[in-house]
Structure formats: structure tokens, C-alpha cells
Protein chains: 2
Amino acid sequence: MASQNKVFKALADPTRREILNMLRRKEMTAGELAKRFDMTKPSMSHHFSVLKGADLIVSRRDGQQIWYALNTTVVQDILTWALGLAHESGTQKVKLRTANNEI
Amino acid sequence: MASQNKVFKALADPTRREILNMLRRKEMTAGELAKRFDMTKPSMSHHFSVLKGADLIVSRRDGQQIWYALNTTVVQDILTWALGLAHESGTQKVKLRTANNEI
DNA sequence: TACATAATTAGACAAATAACTAATTAAGTG
DNA sequence: CACTTAATTAGTTATTTGTCTAATTATGTA
């Protein structure tokens with residue numbers, strides 16, 4: 001995990017959690033994302049920067065626009081952390097699968 | 001979930017995450033917990049209060065001591081949230097089981 | 001009651017955070 | 001080049017957060 005602390009600090013803000021939610025299905029540009037919040041673009045830029053610093057999102061430039069996408073690897077790390085809490089360690093091994101039995 | 005925002009704010013501090021980790025296996029008293037951190041008891045008390053406010057821990061008094069224990073229900077809520085992020089919703093249903101196939 | 005122990009509450013303060021406006025960078029277009 | 005659009009960076013400010021010391025509450029015991 002990038003830095004566990006950066007990840008949890010990033011998740012502490014509701015705007016940033018909502019950004020992650022919006023990126024769940026598809027990548028989006030900074031402008032597209034910003035439009036959906038009642039906040040200035042510089043403020044949104046700051047949130048993108050915090051999410052990037054935590055490795056929760058990745059970005060790429062395409063012309064004038066910057067596309068942001070969820071980094072599911074770090075989300076998996078959060079899951080692993082929460083699983084460690086949820087199930088007393090040592091006594092139980094955990095498996096995490098989809099309905100189709102994929103990892 | 002108590003209030004999703006309170007939960008994530010509570011998780012944002014490394015001391016509080018460590019407290020949760022220590023409560024993973026067994027409940028502990030405020031004093032026992034406080035001893036293990038390089039911090040005053042009032043500071044620890046504050047962290048307990050934040051964790052309680054987020055419903056991440058529960059407490060009971062036994063004589064002079066207050067016992068704290070992890071509330072695994074809310075930890076499950078965090079898992080559910082992270083699962084929602086990790087797997088694009090709609091296309092996949094998720095199951096979460098232990099090695100013994102318990103829920 | 002008087003004292004000790006466990007823990008919290010109150011209040012102060014420095015550091016971190018999230019928001020804004022103004023300025024800047026980068027890319028596209030006439 | 002001049003201008004527009006997309007986005008970020010710089011700098012300011014109010015609020016929140018984490019820590020401390022001092023005071024208080026609650027319980028147990030001689």
C-alpha cells in the first residue's frame with residue numbers, strides 16, 4: 001500500500017470518497033468530475049492530488065484534458081486491511097471471491 | 001454504518017487504527033491500551049471517544065476499569081464499502097466468506 | 001471519611017486540512 | 001501570434017484535529 005496513512009487520510013474526506021465512487025465504472029476527466037461538485041476547480045484539483053498521492057487514482061493526459069481512473073490495487077489493500085480486522089487473525093484464513101469464484 | 005463520515009475520520013489517525021488492531025483478538029481496558037502508546041491518558045481517552053462515536057468500538061465499565069472491544073459490525077460495513085469500489089457494481093455480485101465458508 | 005487508582009472532561013494551543021481567489025502552465029485554434 | 005479552454009500551482013484563511021496539563025468523576029479500600 002502506497003502509505004497506509006496517506007490512503008486513510010485520503011479516504012477521510014467525503015468529497016474524495018465520492019470522487020472514487022464516480023470513478024468506479026469509468027475513467028473521467030478532471031473537468032467532468034469537477035462539474036458534479038459545488039466546489040471550485042482548484043479545490044477539486046487539490047482533492048485529485050491527495051487521491052493521487054495515496055495511489056487511489058491514476059491519471060493520464062490526453063490533449064488538454066487529464067483523465068483520472070480508480071486504482072483498484074489500493075482498494076484491494078484496504079479490503080485486506082479490513083479483513084484482517086474483521087476476522088481474528090491466526091484462527092481463520094480468509095478468501096475473497098466474486099460470485100463467479102474469481103479472485 | 002454509524003455515520004460513514006465518522007467512521008472514515010476515525011480511521012484516518014494511525015493511533016486509532018493501532019488501537020483497533022490491538023482489540024482484534026481480545027477486549028482490553030483503557031489503561032492497558034494506554035500503556036502501550038507513548039501518549040498521555042487523556043489523549044488516549046480522546047481517541048477512544050472518537051472510535052466510540054464512530055461505533056468502531058464498544059465499552060463497558062467493570063469496577064474502576066472500562067473495557068473496550070472491537071465492534072466488528074462496523075468493520076463489516078467498511079468491507080462492504082470497499083467491495084463496492086473494488087468491483088464495478090452491476091456486473092458482479094460478491095460473496096465474502098472465511099476458509100470455512102462462514103459468512 | 002480520607003486516600004488511592006482508573007478514567008474522563010475541560011480548556012489551551014500548534015499543526016494539519018479544506019476551501020477560496022489570483023496567477024500560471026499546457027494545449028488547441030483562428 | 002493572440003486568444004480560448006483545461007487544469008494546476010501559489011498563497012491566504014477559517015476550521016478541524018491531536019496533543020498537552022489541570023481538574024473532575026467514579027470506584028475501591030483502610
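Remember, it's a predicted structure, so these values are computed and weren't measured experimentally. Letters A, B, ... mirror the listed sequences (proteins, then strands); counts begin at 1.
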Any chance you could measure [X], atom [atom1], to [Y], atom [atom2], to the nearest 0.5 Å?
X	Y	atom1	atom2	answer
A:D77	A:T72	CG	OG1	10.0 Å
B:K52	B:S45	NZ	OG	10.5 Å
B:H87	B:L85	NE2	CG	10.5 Å
B:R24	B:I19	CZ	CD1	14.5 Å
B:T15	B:R17	OG1	CZ	9.0 Å
B:Q4	B:F8	CD	CZ	5.0 Å

Please identify the 5'-most and 3'-most nucleotides of DNA chain C with any atom under 4.0 angstrom from a heavy atom of chain B.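 Contacts span C:dT5 to C:dT9, reading 5' to 3'.
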
Find the distance A:K41:NZ to D:dT9:C1' and express it as a whole number of Å.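 After rounding, the gap between these two atoms is 14 Å.
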
What is the distance, to the nearest angstrom, from the OH atom on A:Y68 to the P atom on D:dA7?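 In whole Å, D:dA7 P and A:Y68 OH are 9 Å from each other.
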
Test B:D55 against B:K6 for side chain to side chain contact (heavy atoms under 4.5 Å, CB included), laying out the working first. CA-CA 9 Å; B:D55 261 350; B:K6 281 189 183 176; over 6 Å; no

Using the 3.5 Å cut-off, write out each protein N or O paired with an N or O of nucleotides 14-19 of chain D and the distance between them.
unit_1: D:dG18; atom_1: OP1; unit_2: B:D13; atom_2: OD1; d: 3.4
unit_1: D:dG18; atom_1: OP1; unit_2: B:R16; atom_2: NH2; d: 3.1
unit_1: D:dG18; atom_1: OP2; unit_2: B:R16; atom_2: NH1; d: 3.2
unit_1: D:dG18; atom_1: OP2; unit_2: B:R16; atom_2: NH2; d: 3.4
unit_1: D:dT19; atom_1: OP2; unit_2: B:H47; atom_2: NE2; d: 2.4

What are the atom names and distances for every N/O pair under 3.5 Å that joins the protein to nucleotides 25-30 of chain D?
unit_1: D:dT27; atom_1: O2; unit_2: B:Q64; atom_2: NE2; d: 3.0

What residues form a side chain to side chain donor-acceptor pair (under 3.5 Å) with B:T73, not counting sequence neighbours?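 B:N71.
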
Distance-only donor-acceptor hits, side chain of residues 26-37 of chain A, under 3.5 Å, sequence neighbours excluded:
unit_1: A:E27; atom_1: OE2; unit_2: A:R60; atom_2: NH2; d: 2.4
unit_1: A:T29; atom_1: OG1; unit_2: A:E32; atom_2: N; d: 3.1
unit_1: A:E32; atom_1: OE1; unit_2: A:T29; atom_2: N; d: 3.2

Take the C1' atoms of the five end pairs on each side of the helix from C:dT1-D:dA30 to C:dG30-D:dC1, get both axes, and report the angle to 10 degrees.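 Axis-to-axis angle, ends of the helix: 10°.
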
For the residue pair A:L56 and A:L70, establish whether any side-chain heavy-atom pair is separated by less than 4.5 Å.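 Result no, sub-4.5 Å side-chain heavy-atom pair not found.
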
Do A:V50 and A:H46 have side-chain heavy atoms sitting under 4.5 Å apart?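 SC-SC contact between A:V50 and A:H46 confirmed.
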
Out of A:L11, A:L79, A:V75, which residue meets the side chain to side chain contact (heavy atoms under 4.5 Å, CB included) rule with B:W81?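 So, applying the side chain to side chain contact (heavy atoms under 4.5 Å, CB included) to B:W81 and each of A:L11, A:L79, A:V75, only A:L11 qualifies.
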
What is the nucleic acid contact for B:T29, judged by heavy atoms within less than 4.0 Å: base, sugar-phosphate only, or nothing?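 It contacts sugar-phosphate atoms only.
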
If two hydrophobic side chains count as joined below 4.5 Å and joins carry through other members, does B:W67 share a cluster with B:F48?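 No, it is not one cluster - the side chains of B:W67 and B:F48 are not joined through contacts under 4.5 Å.
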
